[in-house]
Student: 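Input: one structure, supplied below.
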Amino acid sequence: MSDSETARYDFATAEPYWQGQWDKAGCFAAEDVPSGARPKYYVLEMFPYPSGKIHMGHVRNYTLGDVVARYKRAQGFDVLHPMGWDAFGLPAENAARENKADPASWTYGNIANMRGELQRMGFSLDWSREFATCDPEYYGQQQKIFIDFWKAGLVERRDALVNWDPVDMTVLANEQVIDGRGWRSGALVEKKKLSQWFLKITDFAQELLDGLKTLERWPERVKLMQENWIGYSQGAEVYFKLTADIGDFAGIGVYTTRPDTLFGMSFLAIAPDHPLAREVGRDNVAAAGFIAACASQGTSEAAIETAEKRGFDTGLRVINPFNGETYPVWIANFVLMDYGTGAIFGCPCGDQRDLDFARKYDLPVPVVVAARVDEVPVIGPKALDGEGVIVNSGFLTGLSTAEAKAVAIARLVEMGAGKGVTNWRLRDWGISRQRYWGCPIPVIHCTACGPVPVPEHDLPVILPRDVSFERPGNPLEHHPDWSHVDCPACGKLARRETDTFDTFIDSSWYFARFCAPQSETPTLLAAVNHWLPVDQYVGGIEHAILHLLYARFFTRALERTGHVTVKEPFAGLFTQGMVTHESYKDEGGSWLYPEQVIKSANGAVHRDTGLPVTVGRIEKMSKSKRNTVDPAAIVGKYGADTARWFVLSDNPPERDVEWTESGVQGAYRFVQRLYRLAVQVAGERRVALPATVSGEARKLRQLTHRTIAAVTEALDSFAFNVAVARLYELTGALSATQGDTDEMLFARFEGAAMLARLVAPMMPHLGEEVYGRLCPGQGLVAQQPWPQANQALLVLDEVTIAVQVNGKLRGTVTVPAGQEAGPTLAAAELAVAAVLAGQTIVKKIHVPDRIVNFVVKP
RNA sequence: GCGGGCGUGGUGGAACUGGUAGACGCGCCGGACUCAAAAUCCGGUUCUGGUGACAGAGUGUCGGUUCGAUUCCGACCGCCCGCACCA
């Protein structure tokens with residue numbers, strides 16, 4: 001055999017060929033409502049935004065999911081593994097403004113290109129389920145869902161303050177406001193009150209919190225982040241009477257988690273945008289000035305001055321219900337209007353912020369918390385915000401802080417001055433966006449009837465394509481006639497809502513639509529009933545809160561409105577790390593692409609100029625730093641399997657992986673090595689399993705079966721890098737074997753065939769190629785069951801165990817596996833006789849098949 | 001500030017419920033093949049001392065529990081992530 005010529009794996013031919021074979025055999029197609037009896041497994045990766053090209057993050061994300069999908073399929077599961085496009089969003093509008101491109105054409109063009117790139121990776125996807133969220137067939141169903149939510153009381157319309165960019169004439173998300181200016185226009189952002197649609201996620205706050213406990217296969221830190229975001233807190237609402245009414249106000253409601261410290265009150269503070277503050281500002285110029293100063297604080301100087309607490313004494317006084325004394329009312333910049341009631345009672349001894357404030361304005365600091373009853377502490381610069389004993393507090397004195405909370409609340413209720421309440425950090429979800437490229441909100445505004453839902457027979461409300469991006473602002477508002485419609489209720493001329501949905505809605509139910517993407521209802525109950533929840537969801541940690549929380553809420557709302565039958569969408573979640581790369585700068589400080597840099601022993605130089613290049617930090621691949629590697633180029637040079645193998649092999653998938661050229665070359669070497677091995681073994685004489693297998697051949701068989709067990713365990717626990725290591729090991733051992741006895745030929749063939757099947761979830765094309773050569777005519781690896789380790793071969797014949805003296809390794813001894821203590825200890829003693837000479841053995845420890853330890857003294 | 005996580009060779013990392021630390025990959029060193037190169041194959045590679053068998057040290061630092069600690073406990077140092085005046 002001329003191995004140098006024939007034994008070169010031509011991935012460029014093989015990869016498309018096997019993709020065609022899978023397609024022809026329908027390997028990855030699932031049914032909406034399966035007729036078979038196989039158990040179901042739904043694998044889903046977060047679907048991509050169609051930016052135009054796939055990047056390495058996609059390669060990693062979809063490779064991880066694909067390994068799971070292929071592995072579960074081999075284990076006999078009926079696997080659903082779909083793909084689609086998160087296709088609405090601002091980049092399409094920006095492209096329209098910059099290149100005069102139509103957002104729809106731009107988006108669908110990008111999708112076509114990315115679909116091709118994904119298909120070249122050989123992912124085991126059911127492409128017949130593909131959809132884009134900008135398809136009217138999808139977003140029309142979403143409009144139906146919205147109307148159902150509305151009918152179920154989960155939708156509200158109310159005024160809200162938004163970040164308004166006066167140049168772009170659009171609403172900005174918080175993260176689009178940089179130093180108080182719009183990220184695109186650079187204009188100073190205004191706070192503007194707009195009538196907006198809200199989904200009542202807070203109705204589910206308790207359920208969303210409790211539900212986290214049921215998510216056993218979610219990363220702890222994601223659950224913790226959601227828990228903090230939901231922000232459960234328990235406390236009391238306390239009502240303070242004003243000594244004199246002002247306007248319509250006779251008193252102020254305050255939320256506190258520390259009703260036990262009410263006797264330690266020093267002042268009451270309200271938020272600058274509290275209605276009472278505005279009332280005070282009406283005829284108090286100084287107060288109005290302070291309030292205005294606080295309002296502008298939200299912008300550029302905010303970052304600098306955050307720590308500085310400032311206040312304004314209104315001159316008003318309130319009465320503490322517990323001790324009847326009066327306290328001043330301040331307006332304070334650190335009190336937030338949208339948490340609790342927008343007002344606090346200040347207890348400087350038990351709260352650091354209150355203490356800072358009291359010190360600054362020279363307010364009293366009554367001491368009401370102590371470590372012990374008989375010890376009244378002196379308050380320095382630190383407040384006593386922990387647990388303790390209540391002192392100087394009338395009927396609460398002597399109680400623990402926990403007891404005092406309950407007693408205080410009971411007394412407040414008795415007095416009619418307050419009650420125990422639960423508070424949440426979570427806010428309702430504002431879903432209106434003044435944007436074009438999104439799902440139209442299916443509402444008609446009538447001056448007589450108010451907002452009216454678009455009747456179901458008029459759905460979908462289709463996004464018009466004849467829009468102009470010449471003017472700033474939302475093109476839907478400028479459209480000559482789109483918004484002019486008759487009111488569905490009274491028939492008079494009315495106006496269509498021109499806002500579109502937050503695109504997070506699009507991704508909040510796509511997993512349910514994938515179960516039956518052609519359904520004429522948003523979901524097909526029989527299908528979602530079968531497939532949901534998603535068994536394994538894979539995506540980036542950056543979605544730990546928003547997307548994953550919205551999807552959890554949406555699923556509960558869909559359940560309430562009868563669209564799905566589960567409460568949690570994702571039973572298992574895996575969050576993968578980022579793909580990183582070195583960054584490079586030339587002498588002028590400009591970023592360089594990796595392919596512009598040549599590295600040698602004396603440092604890095606520019607490919608064209610030969611000038612020195614600075615090698616910078618390893619950072620997440622990003623276009624701005626030019627440290628990107630294009631998957632298409634890698635696939636062209638090394639093939640899809642090499643790219644897949646590399647992203648799996650280098651480190652645990654939850655961590656960031658650094659893309660290195662030498663690492664990829666290593667992966668490519670392995671591809672070729674495995675292929676050569678297979679060609680060699682395929683050319684050998686084929687024998688049946690001999691009656692007995694011993695010696696080297698038996699050892700090889702044992703390694704093969706240990707590898708099956710180890711790879712199976714590694715895949716079950718997402719330890720793909722460990723699976724890779726075990727496969728390298730088996731390949732190395734197979735290459736090293738010699739001899740052509742029947743037993744060796746059998747052992748080698750078995751090892752190679754198992755290797756093909758074990759490697760197939762990770763490198764599916766090579767797996768087919770190798771399996772096809774070894775086992776011609778036996779079908780596709782993609783349709784083979786997962787190999788089972790032969791238990792008899794997992795039991796070792798003999799073991800080499802460590803022999804320690806006083807816990808230090810002094811030798812090893814090889815004994816039959818499972819041998820009992822007596823003979824093992826005797827052999828061990830012999831092995832370390834030199835060390836034991838002249839010592840007295842105090843104790844002999846024997847852990848079967850593991851270790852022997854002699855405790856000695858002179 | 002609050003909450004969470006992580007520290008292992010030159011490097012990415014492995015190590016089951018405490019039981020031979022460094023699997024496997026990358027890099028590096030040496031060798032084979034070749035006119036040469038590429039490709040491939042073989043050997044070595046934690047550190048220190050020694051030609052060597054071997055000896056000593058070693059999983060961020062210090063201490064504890066144990067026959068035995070990368071693993072368990074305590075304190076400290078460093079790095080990363082999330083939230084951020086949430087009353």
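So you know, we letter chains A, B, ... as the sequences are listed, proteins then strands, and number each from 1. Worth knowing before you read on, the calculation uses all heavy atoms, side chains too, and leaves out hydrogens, waters and symmetry mates. Model, not experiment: these values are computed from the prediction.
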Student: Classify A/Leu336 by what it touches in the nucleic acid, base, sugar-phosphate, or nothing, heavy-atom distance under 4.0 Å.
Tutor: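 Contact class for A/Leu336: base.
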
Student: With a 3.5 Å cut-off and heavy atoms only, can you find an N or O donor on one side and an acceptor on the other between the side chain of A/Arg655 and the base of B/C80?
Tutor: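 Looking at the base of B/C80, it does not pair with any donor or acceptor on the side chain of A/Arg655 (distance under 3.5 Å).
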
Student: Taking the same atom, P, in B/A38 and in B/A32, what whole-Å distance lies between them?
Tutor: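 Comparing P positions in B/A38 and B/A32 gives a spacing of 15 Å.
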
Student: Distance check, P atoms only: B/C47 and B/A53, in whole angstrom units.
Tutor: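 It comes out at 15 Å once rounded to the nearest Å.
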
Student: Students often get this wrong, so: under 4.0 angstrom with heavy atoms, is A/Arg427 touching a base, only sugar-phosphate, or nothing?
Tutor: base

Student: Can you tell if the side chain of A/Thr422 reaches within under 4.5 Å of the side chain of A/Ser233, non-hydrogen atoms only?
Tutor: no

Student: Indicate, with a heavy-atom threshold strictly under 4.0 Å, whether A/Lys844 touches base, sugar-phosphate, or nothing.
Tutor: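 Counting heavy atoms under 4.0 Å across all strands, no contact is made by A/Lys844.
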
Student: Going through the checks in order, is the side chain to side chain contact (heavy atoms under 4.5 Å, CB included) test met by A/Arg552 and A/Leu215?
Tutor: CA-CA 11 Å; A/Arg552 292 184 60 221; A/Leu215 301 174; 3.9 Å; yes

Student: With sequence neighbours left out, which residue pairs that include part of residues 845-858 of chain A fulfil the side chain to side chain donor-acceptor pair (under 3.5 Å) condition?
Tutor: none

Student: Measuring only the P atom in each nucleotide, how far is B/G31 from B/A36? A whole number of Å is fine.
Tutor: 14 Å

Student: Name the nucleic acid region contacted by A/Val803, choosing base, sugar-phosphate or nothing; use a 4.0 angstrom heavy-atom cut-off, strictly under.
Tutor: nothing

Student: Touch check for A/Asn853, heavy atoms < 4.0 angstrom, all strands: base, sugar-phosphate only, or nothing?
Tutor: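 A/Asn853: base contact, heavy atoms under 4.0 Å.
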
Student: B/A14 and B/U8: how far apart are their C1' atoms, nearest whole angstrom?
Tutor: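 Approximately 10 Å lies between the C1' atom of B/A14 and that of B/U8.
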
Student: Name the nucleic acid region contacted by A/Val855, choosing base, sugar-phosphate or nothing; use a 4.0 angstrom heavy-atom cut-off, strictly under.
Tutor: sugar-phosphate

Student: Indicate whether OP1 or OP2 belonging to B/G82 is found under 4.0 Å from a side-chain N or O atom of A/Lys223.
Tutor: no

Student: From B/U20, B/C85, B/G4, pick the nucleotide closest to the side chain of A/Leu224?
Tutor: B/G4

Student: Any pair with a residue in residues 230-239 of chain A that passes salt bridge (charged side-chain N to carboxylate O under 4.0 Å, His left out), sequence neighbours left out, goes on the list, sorted by first then second residue, please.
Tutor: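 Those involving residues 230-239 of chain A do not exist here.
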
Student: When the aromatic ring centroids of A/Phe263 and A/Phe322 are compared, is their separation below 6.0 Å?
Tutor: yes

Student: Would you classify A/Ser662 as touching base, sugar-phosphate or nothing, given that sugar-phosphate means primed atoms plus P, OP1 and OP2, and contacts are heavy atoms under 4.0 Å?
Tutor: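 Contact class for A/Ser662: sugar-phosphate only.
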
Student: Given the P atoms of B/G82 and B/U11, what is the spacing between them in whole Å?
Tutor: 26 Å

Student: Pairs of donor and acceptor atoms involving the side chains of residues 715-729 of chain A, under 3.5 Å and at least two apart or interchain, shall be tabulated with distances.
Tutor:
| residue | atom | partner | partner atom | Å |
| --- | --- | --- | --- | --- |
| A/Asp716 | OD1 | A/Tyr71 | OH | 2.9 |
| A/Asp716 | OD2 | A/Tyr71 | OH | 3.4 |
| A/Ser717 | OG | A/Glu713 | O | 3.1 |
| A/Ser717 | OG | A/Ala714 | O | 3.3 |
| A/Arg726 | NE | A/Glu729 | OE1 | 2.8 |
| A/Tyr728 | OH | A/Trp645 | NE1 | 3.3 |

Student: Of the nucleotides B/G19, B/C83, B/C85, which one has an atom closest to the side chain of A/Phe334?
Tutor: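 Closest nucleotide among those given: B/C85.
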
Student: Using a heavy-atom cut-off of 4.0 Å across all strands, would you classify A/Arg669 as base, sugar-phosphate, or nothing?
Tutor: sugar-phosphate

Student: Reckon A/Thr800 touches a base, only the sugar-phosphate, or nothing at all at heavy-atom distances under 4.0 Å?
Tutor: base

Student: For the C1' atoms, the ones on B/C6 and on B/U59, what distance do you get once it is rounded to whole angstrom?
Tutor: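 B/C6 and B/U59 have their C1' atoms separated by 14 Å.
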
Student: Among B/A87, B/C67, B/G4, which nucleotide sits nearest the side chain of A/Arg221?
Tutor: B/G4

Student: For A/Val369 and A/Cys349, run side chain to side chain contact (heavy atoms under 4.5 Å, CB included): C-alpha distance rounded to whole Å, both residues' side-chain angles, the deciding distance at 0.1 Å, then the answer.
Tutor: CA-CA 7 Å; A/Val369 186; A/Cys349 101; 4.2 Å; yes

Student: Return yes if the base of B/A23 and the side-chain atoms of A/Arg726 contain a donor-acceptor N/O pair under 3.5 Å, otherwise no.
Tutor: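 Such a pair exists between side chain and base.
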
Student: Once ring-ring contact (aromatic ring centres under 6.0 Å, His included) is applied, do any residues pair with A/Tyr550, and if so which ones, sequence neighbours excluded?
Tutor: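 Checked A/Tyr550 against ring-ring contact (aromatic ring centres under 6.0 Å, His included); matches are A/Trp429, A/Phe504.
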
Student: Under 4.0 angstrom, heavy atoms only, what part of the nucleic acid is A/Gln804 near: base, sugar-phosphate, or nothing?
Tutor: base

Student: Name all residues meeting the side-chain hydrogen bond (donor to acceptor under 3.5 Å, both in side chains) criterion together with A/Glu542; count only those two or more places apart in sequence or in a different chain, and write none if there are none.
Tutor: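 Applying side-chain hydrogen bond (donor to acceptor under 3.5 Å, both in side chains) to A/Glu542 gives none.
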
Student: Syn or anti for B/G9, taking syn as within 90° of 0?
Tutor: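 Syn.
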
Student: Which part of the nucleic acid, if any, lies within reach of A/Tyr255 when heavy atoms closer than 4.0 Å are counted: base, sugar-phosphate only, or nothing?
Tutor: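 Contact class for A/Tyr255: base.
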
Student: Name the closest nucleotide to the A/Asp650 side chain, picking from B/A57, B/C83, B/G12.
Tutor: B/G12

Student: For Watson-Crick and G-U wobble pairs within 3.5 Å on both distances, what is RNA chain B written in dot-bracket notation, | included for inter-strand pairing?
Tutor: (((((((..(((......[....)))((((((.......))))))((((....))))..(((((..]....))))))))))))....

Student: Work out how far the C1' atom of B/C29 is from that of B/G9, and round it to whole angstrom.
Tutor: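 Between the two C1' atoms, the distance is 16 Å.
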
Student: If we take the C1' atom in both B/C77 and B/G60, what is their distance in whole Å?
Tutor: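 7 Å, rounded to whole Å.
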
Student: Counting any heavy atom closer than 4.0 Å, what does A/Gly340 reach on the DNA or RNA strands: base, sugar-phosphate only, or nothing?
Tutor: nothing

